[in-house]
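Chain A is the first sequence line, chain B the second, and so forth, proteins listed ahead of strands; every chain is numbered from 1.
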Amino acid sequence: MGKYFCCTGFLKSTWDQVCIAFWQRYPNPYSNHVLTEDIIFREVTPSNCLISRRLLTKTSRAPRWMERYLPKHMASSAYIIEDSIIDPQKRTMTTLTWNISHARLMSVEERCQYQINPEKGSWTEIKREAWISSSLYGLSRAIQEFGLARFKNSVTKTMKGFEYVLARMQGETPSRTLAETATERARETALAAKEKAKDLASHAQKKQYV
Amino acid sequence: GAAHLIVIHLLGLPVAAPLTLVVREVAVLAVRHPAMNSVGEACTELKREYDQCFNRWFAEHFLKGDRSGDPCTETFRKYQRCVQKAIKEKDIPIDGVEFMGPNKDKPDS
């Protein structure tokens with residue numbers, strides 16, 4: 001059970017610049033759902049690697065048909081942990097990100113490896129893998145599908161956020177054009193309409209989760 | 001401190017070229033990038049102070065292989081005291097979560 005996703009992407013900036021941007025990526029125009037950011041652990045290891053733990057709170061954007069199955073008292077914010085190891089000798093960074101709230105409803109774990117692009121030394125390659133699972137009886141498949149679709153969407157946002165911050169660091173004037181904003185609004189409206197349709201459909205076959 | 005945007009009203013009058021240049025440079029210096037809040041409302045200033053120190057050390061020393069001391073230990077300590085308290089107060093379930101914990105049962109790609 002569960003969904004697996006993997007992809008390889010790249011950023012047209014050096015590994016050093018990407019690592020610097022990694023710590024400055026929030027906020028950016030694509031991260032409006034990220035509410036708070038905190039480093040809650042950090043150490044330089046004897047082998048001179050930097051290990052860090054970052055705690056993020058994000059708005060919980062479960063669609064209504066999923067929220068119905070959340071206990072009423074559950075936090076409306078989602079808590080996410082991101083652990084990272086940066087090796088400046090090997091020029092690699094490995095990150096692992098996963099949610100520590102709402103985990104029984106849906107669990108998303110993402111592992112990324114950032115290294116120098118083997119084809120172009122001034123670029124950075126990012127290998128990304130994700131595991132999406134839900135242990136909610138009777139709904140796990142629908143939740144996993146939703147989770148995977150949302151994850152793919154968030155990968156796009158992540159890369160755009162990185163590009164935005166990197167451009168800003170390099171002195172360019174990045175802009176989230178009006179056209180882009182309008183397109184995203186239209187997409188969000190369409191998604192909301194789809195959720196509403198699903199909502200009405202599932203109303204017919206309601207199942208209570210205790 | 002808060003970000004300040006310098007608004008210059010030119011009153012429709014032509015401005016001498018050197019003055020415009022100075023004004024533009026000052027405006028660029030005054031604009032700050034937005035920053036994130038801490039999960040502990042009282043910790044945001046400490047967080048930003050630490051982040052500023054860390055970002056400088058990270059880019060100018062750590063990535064360049066300079067193993068000389070970390071100048072941010074004091075600001076980090078102050079920040080951590082605050083944020084760990086906020087985490088406890090908000091009951092955020094970070095306890096006992098092993099570093100890279102969930103990675104243990106994942107196959108190596």
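Within a 6.0 Å sphere centred on CD of Glu119(A), other residues, nucleotides and ligands contribute 12 heavy atoms or fewer.
The greatest number of non-hydrogen atom pairs below 4.5 Å with chain A, out of Val83(B), Val97(B), Ile87(B), is found for Val97(B). Most heavy-atom pairs under 4.5 Å with chain B: of the set Val44(A), Asp16(A), Leu56(A), this distinction falls to Asp16(A). Here Asn48(A) is the residue among Asn48(A), Ile20(A), Leu35(A), Ile85(A) with the most heavy-atom pairs under 4.5 Å with chain B.
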### Task
Could you walk me through whether Phe99(B) and Leu96(A) pass side chain to side chain contact (heavy atoms under 4.5 Å, CB included), step by step?
CA-CA 9 Å; Phe99(B) 189 74; Leu96(A) 191 74; over 6 Å; no
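Proximity to chain B (any heavy atom under 4.5 Å) is restricted, for Ile81(A), to the side chain, taken from C-beta onward. In this structure, no portion of Cys6(A) lies under 4.5 Å from any heavy atom of chain B. Contact of Gln17(A) with chain B is not made at all, since no heavy-atom distance falls under 4.5 Å. For chain B, the nearby parts of Val34(A) are the backbone and the side chain; heavy atoms of each come within less than 4.5 Å. Contacts between Gln24(A) and chain B at a heavy-atom distance below 4.5 Å involve the side chain alone, from C-beta outward. No part of Ser31(A) comes within reach of chain B, as not one of its non-hydrogen atoms sits under 4.5 angstrom from that chain.
Here the CG atom belonging to Leu63(B) is positioned 5.5 Å from the CH2 atom belonging to Trp15(A), to the nearest 0.5 angstrom.
Annotation: cation-pi pair Arg42(A)/Phe76(B) absent, no NZ/CZ under 6.0 Å from the ring centroid and within 45° of its normal.
Under the 4.5 Å side-chain criterion, counting only non-hydrogen atoms from C-beta, Phe54(B) is in contact with Leu50(A). Looking at Ile92(B) and Ile100(A), their side chains come closer than 4.5 Å, going by heavy atoms from C-beta outward.
Ring pair Trp23(A)/Phe58(B) is perpendicular by interplanar angle, where above 60° counts as perpendicular and below 30° as parallel.
Across all their heavy atoms, Glu37(A) and Tyr79(B) have their closest contact at O-OH, 4.2 Å. For Pro27(A) against Pro34(B), the heavy-atom pair with the smallest separation is CD-O, 3.4 Å. Nearest heavy-atom pair, Cys49(A) versus Phe62(B), reported as atom, atom and distance to 0.1 Å: C-CZ, 4.2 Å.
At least one donor-acceptor pair under 3.5 Å links the side chain of Gln80(B) to the backbone N or O of Ile39(A).
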